[in-house]
Enquirer: 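Please find one structure pasted underneath; my questions will follow.
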Amino acid sequence: MNNTLIIGQYVPGNSLVHKLDPRTKITLIFFFVFIVFLANNVVSYSILALFALASMVTSRVPIRFIMKGLTPVWFLIVFTFILHIIVTKEGTVWLEIYSFQIYSGGVFQGIAISLRFFLLILITSLLTLTTTPIEITDAIEDMLHPLKKVKFPVHELALMMSISLRFIPTLMQETEKISKAQASRGVDFRTGSIKDRAKAVVPLLIPLFVSAFKRAEELAMAMEARGYKGGEGRTKLRELKINARDIAVYLLFIAVIAGLLLTRGY
Amino acid sequence: MDITFNNVSYIYQENSPFAHKAIEDLNFHIPSGSFVAVIGHTGSGKSTLIQHLNGLAMPSRGEVTIGDFHLKAKEKPKNMRELRSKVGVVFQYPEHQLFEETVVKDIAFGPENFGVEKAVIEERIRDIIPAVGLSEDILERSPFDLSGGQMRRVAIAGVMAVQPEVLVLDEPTAGLDPRGQKEILQMFYELHKRQGLTTILVTHSMEDALKYADHVLIMNKGKKYMEGNPVEVFTQKDALHKVQLDVPESVAFLSKFEKRFKYSLPFKGQTVDEMAEDIRRVVQGGRIDE
Ligand SMILES: Nc1ncnc2c1ncn2[C@@H]1O[C@H](COP(=O)(O)OP(=O)(O)O)[C@@H](O)[C@H]1O
Ligand SMILES: [Mg+2]
């Protein structure tokens, strides 16, 4: 059905960004978080913005989706901007409203910090928009692999993650079905006092838990019946593979870092 | 209650790239007291259709009228609760909606929500328990300790205890053993007759539709594909095959009979016994329309 909608915010596609190895994407984002702080003048910020913009365009994710992902943080971005304008008292006074002065430094600082924030969120949301949760889990399992040496249960953790992700849509469908059934029996989830509404949740939660436990038991049985006994010696259906395009993107990224180092003011 | 669909379309996730038209330009009328079978391939929009009958889904376009209730896009009727008390819906796998500690509490849950008095509820439960084929001694048990078939019956009892005027059944016998299927459908049919209900049955079984319905609605890809009385609809083999539906066994039998014996016995909705009688007459050289 339309699982794509329900699993996080993944937008299916066939772009270069979609096809990149998820490990590449995670690694790049990890470093992007650091290099964002390298930028400190117009040119270096432009390089960062250009990189983010280019990733966005190549991903061919409709702009609406990206904006939707940003809605919860707009407030934070605007708030940061205003805070800087009020607090920073550097540079020349640009504007004076009664006894309150707005300094050029405040405006620059405000723009710079908000832009940083904006770029970070843009790039990270691009990861979840172009990578299925299963790919992300696979990548994390692979990247955490060295931790196995210290007996960290990497495989089990990844399995738990993928099973949870796999059953999110199922649970959502079930929630919808059961709430419709109970609504038909006269439960009103929308109106009434807080207490009434809390009570209305019981006929929804109990069937959900019952079926979740039942499903977990069935799943465990099915896995054992098919010979599952932990991660030892298990092969993978989806092998992660670093391709030429990943190398190319790494090189591009290194070029961006070099560009930043060269153009930033010290 | 009369039910009318007037140019109804329903779109899931409208205004998003995942928008999906589940029902398109649907028009039909169901007079009060009919038994209607809704048939169609999986995904043809049957479940979406029936959710319009008690306002779980509001039409994206067009209008649904149920008795005095009007459902239009973005126009929720104020008396939704009353509508839901008059239209009972038995969903697919209704046992998933059980949640109370005891069977009796679960059956009483619906009527309580609709403000039926305690004494009246008790009386209704006493009536409904044998009608759905359960025995009184399970009333105090937990619904989760029952067998699948018993759970299904408890859930059905919970819907029937509201005493709706319109009964909507979404594949109510899916996943039951053949005998249970027969018993439950027979039970619905008797309730339909006895209480003068308007019944809408979603089913995959042509045989059941033929046996119980007086009106058949065939859905295909969200649109009405065919509509009419069962005999009329079920004799159109080619049209049904086109949408991956089969004719009922008795119709299939008659067309095989014709091929084999070069003798055409018309189908007019006869039962297996009546059909055997027809054949006996033919074999003995008589005419069937005597
Ligand atoms: N909650 C939903 N969200 C999005 N699409 C849905 C939802 N429920 C059903 N659909 C889609 O609507 C169409 C009709 O579904 P449904 O009414 O359940 O068909 P049926 O009951 O005939 O199998 C299907 O293509 C289905 O994928
Ligand atoms: Mg259905």
Side-chain angles (χ1 to χ4, degrees), chain A residues 1-13 60-69 71 129 169-192 196-197 199-215 217-218, chain B residues 12-13 15-20 22 42-43 47-48 50-51 53-57 76 78 80-101 105-116 142-144 151 155 158-162 164 167-168 170:
Chain A
M1 233 180 66
N2 38 16
N3 294 348
T4 43
L5 172 80
I6 306 169
I7 304 183
Q9 30 172 352
Y10 176 67
V11 179
R60 287 199 232 119
V61 174
I63 198 106
R64 254 164 327 131
F65 280 95
I66 299 174
M67 287 307 147
K68 217 167 90 193
T71 20
L129 284 165
T170 315
L171 266 175
M172 306 265 287
Q173 279 170 10
E174 201 128 299
T175 311
E176 195 188 314
K177 262 185 56 186
I178 295 171
S179 59
K180 278 181 175 168
Q182 307 300 25
S184 303
R185 296 212 279 166
V187 176
D188 191 346
F189 294 105
R190 297 224 177 79
T191 52
D196 284 345
R197 270 189 265 184
K199 254 172 93 180
V201 179
V202 176
L204 178 61
L205 281 187
I206 293 179
L208 270 180
F209 272 97
V210 169
S211 72
F213 280 120
K214 215 187 278 170
R215 194 171 296 114
E217 221 166 85
E218 280 166 10
Chain B
Y12 281 104
Q13 269 109 40
N15 302 327
S16 86
F18 303 103
H20 178 85
T42 306
S47 298
T48 310
I50 59 155
Q51 285 173 30
L53 297 173
N54 73 346
L56 286 176
K76 277 215 163 145
K78 288 174 290 295
M80 193 62 105
R81 185 177 287 254
E82 199 188 333
L83 172 64
R84 291 195 176 150
S85 73
K86 296 210 162 146
V87 180
V89 185
V90 175
F91 285 91
Q92 247 170 311
Y93 302 102
E95 56 273 24
H96 293 170
Q97 73 199 28
L98 301 176
F99 75 99
E100 282 282 13
E101 293 154 73
K105 275 192 195 170
D106 209 287
I107 298 177
F109 180 69
E112 262 167 21
N113 282 329
F114 292 118
V116 181
S142 158
F144 298 108
M151 284 168 85
V159 175
M160 299 310 305
V162 180
L167 185 57
V168 180
D170 194 352

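To find a chain, count down the sequence lines: A is the first, B the second, and so on, and within it residues start at 1.
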Enquirer: Under 4.5 Å heavy-atom distance to chain B, tell me which part of V187(A) shows up: side chain, backbone, both or neither.
Expert: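 V187(A) touches chain B through backbone and side-chain heavy atoms alike.
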Enquirer: Which is it for R185(A) and D106(B) under the salt bridge (charged side-chain N to carboxylate O under 4.0 Å, His left out) test, yes or no, and what are the steps along the way?
Expert: CA-CA 11 Å; R185(A) 296 212 279 166; D106(B) 209 287; 3.0 Å; yes
Enquirer: Any side-chain heavy-atom pair from I66(A) and L129(A) closer than 4.5 angstrom?
Expert: yes
Enquirer: Tell me which of these, L208(A), L204(A), I206(A), has more heavy-atom pairs under 4.5 Å with chain B than the rest.
Expert: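 The answer is I206(A).
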Enquirer: In sequence, state the C-alpha distance, the side-chain angles, and the governing distance for Q92(B) and S47(B), and then conclude on side chain to side chain contact (heavy atoms under 4.5 Å, CB included).
Expert: CA-CA 9 Å; Q92(B) 247 170 311; S47(B) 298; 3.9 Å; yes
Enquirer: Determine, stepwise, if the pair R84(B) / L56(B) fulfils side chain to side chain contact (heavy atoms under 4.5 Å, CB included).
Expert: CA-CA 9 Å; R84(B) 291 195 176 150; L56(B) 286 176; 3.7 Å; yes
Enquirer: Where does S184(A) contact chain B at under 4.5 Å (heavy atoms): side chain, backbone, both or neither?
Expert: both
